[in-house]
Visitor: 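The structure under discussion is supplied below as structure tokens; questions concerning it will follow.
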Amino acid sequence: MARNIVIGAAQLGPIARDEPRSSAIARMIALMREASGKGVELVVFPELALTTFFPRWFMADQADIDAFFETSMPGPETAPLFEVAKELGIGFYLGYAELAEEDGRVRHFNASILVDKEGKIVGKYRKVHLPGHREHESWRPFQHLEKRYFETGNLGFPTFSAFGGTVGMCLCNDRRWPETFRVMGLQQAELVMLGYNTPVHYPPAPEHDHLQDFHNHLVMQAGAYQNGTWVVGVAKAGHEEGCDLIGGTCIIAPTGEIAVQCQTLGDELIVHTCDLDRCREIQTNIFDFAQHREPDSYQLITATKGVRKPN
Ligand code: CDT
């Protein structure tokens, strides 16, 4: 018997620096209504979906930075997204910049939430792998200041029981690290959702620019197959404030095959019926962890951050 869930991957085109959250949310609501008409139960939106990708600018004034963050979720501006989702009986994944008061201080995270069909937050994730740099680097055509504006996520990679299965989340650069998927795989993930903002141009190694789409799918397909899980990767795409972002939003089966993929670099919804029971095809065979993993031989993975000298 199948354990089907109809999933929508809702790619967003560019969001301008001066585009208000109300506009981005109206675009997301339009995609959500389209998804509802197609029987979707869960919609996945991109990373930092409420604003432009602000780490591309150096900002000295903390107030200017904080203007891109949410202090509550839902807040006054995001409430309509929750209300429409509840009205339609659709769950969603949303990436956003989170400003939290924790341990007696203000914290900044690149976060995502999972919201159930009743509009209740049932899962939260804070980005672990923050790419880019900390200081202003004037030689770059645009900055990538995630290391400056965010703290490393402090929630690990949890999985949650939701939507009739076991689901996990990550964000953008996390997808490039096999550890991300494996930690969730070890918690029986059947679906991993992730949003991304990936520039076509990578200033430190421009000779790889033509490989951005390839690397995007390569890592997500590998993560899906090696852990026998569905992966839904959703882009903020297109020409945003002078910077080209890749598209390639897709839904990947536990076999590593792309089931469906966006065709544009704008707002676009793709839909697929994902049978969570298909995870067993991989998880009880080639990647039956209990039978075939050899963790004693992997200790270096958690024992060191960088490389060590060869023997
Ligand atoms: N948002 C994000 O993590 N983007 C990075 C860009 C490359 S590193 C500067 C990514 O891994 O796609």
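Residues take their numbers from the sequence shown, with the count starting at 1. All ligand and atom numbering here is 1-based and tracks the order in the structure.
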Visitor: Would you call Glu151-Lys127 a salt bridge at under 4.0 Å N-O?
Guide: no
Visitor: Which bit of Phe53 is near ligand 1, meaning a heavy atom under 4.0 Å away: side chain, backbone, both or neither?
Guide: side chain
Visitor: Assess whether a salt bridge exists between Arg126 and Glu98, defined as any Lys/Arg side-chain N lying under 4.0 Å from an Asp/Glu carboxylate O.
Guide: yes
Visitor: Show which atoms of ligand 1 fall inside a sub-4.0 Å distance from at least one heavy-atom site of Arg176.
Guide: 10 (C), 11 (O), 12 (O)
Visitor: Is Lys127 near ligand 1, meaning one of its heavy atoms is under 4.0 Å from it?
Guide: yes
Visitor: For atom 2 (C) of ligand 1, which protein heavy atom lies nearest, and how many Å away is it?
Guide: Cys172 SG, 2.8 Å
Visitor: Please check: side-chain N/O of Arg3 versus main-chain N/O of Gly164, any donor-acceptor pairing under 3.5 Å?
Guide: yes
Visitor: Please write down residue, atom name and distance for the protein heavy atom closest to atom 6 (C) of ligand 1.
Guide: His144 CE1, 3.7 Å
Visitor: So, do Phe142 and Phe58 have ring centers that fall under 6.0 Å from each other?
Guide: no
Visitor: Please list the nearest protein heavy atom to atom 12 (O) of ligand 1 with its residue and the distance rounded to 0.1 Å.
Guide: Thr198 OG1, 2.6 Å
Visitor: With heavy atoms of Glu47 as the reference, note each atom of ligand 1 found under 4.0 Å away.
Guide: 1 (N)
Visitor: Go through ligand 1 atom by atom and flag the ones less than 4.0 Å from a non-hydrogen atom of Asn197.
Guide: 1 (N), 2 (C), 4 (N)
Visitor: For Glu179, is there an ion pair with Arg182 - N to carboxylate O distance below 4.0 angstrom?
Guide: no
Visitor: Among Gln143, His144, Glu241, Glu240, which residue meets the side chain to side chain donor-acceptor pair (under 3.5 Å) test with Arg56?
Guide: Glu240
Visitor: State whether Tyr196 and Arg175 meet the cation-pi test: NZ (Lys) or CZ (Arg) under 6.0 Å from the six-membered ring centroid, and within 45° of the perpendicular axis.
Guide: yes
Visitor: Around atom 8 (S) of ligand 1, find the nearest protein heavy atom and jot down its residue, atom name and distance.
Guide: Pro131 CB, 3.6 Å
Visitor: Hey, would you say the His108 and Phe69 ring centroids sit under 6.0 Å apart?
Guide: yes
Visitor: With heavy atoms of Asn173 as the reference, note each atom of ligand 1 found under 4.0 Å away.
Guide: 3 (O), 10 (C), 11 (O)
Visitor: Below 4.0 angstrom from a heavy atom of Tyr202, which ligand 1 atoms are there? Numbered from 1 as shown, please.
Guide: 8 (S), 9 (C)
Visitor: Relative to the heavy atoms of Glu146, which atoms of ligand 1 are at a distance of less than 4.0 Å?
Guide: 1 (N), 2 (C), 3 (O)
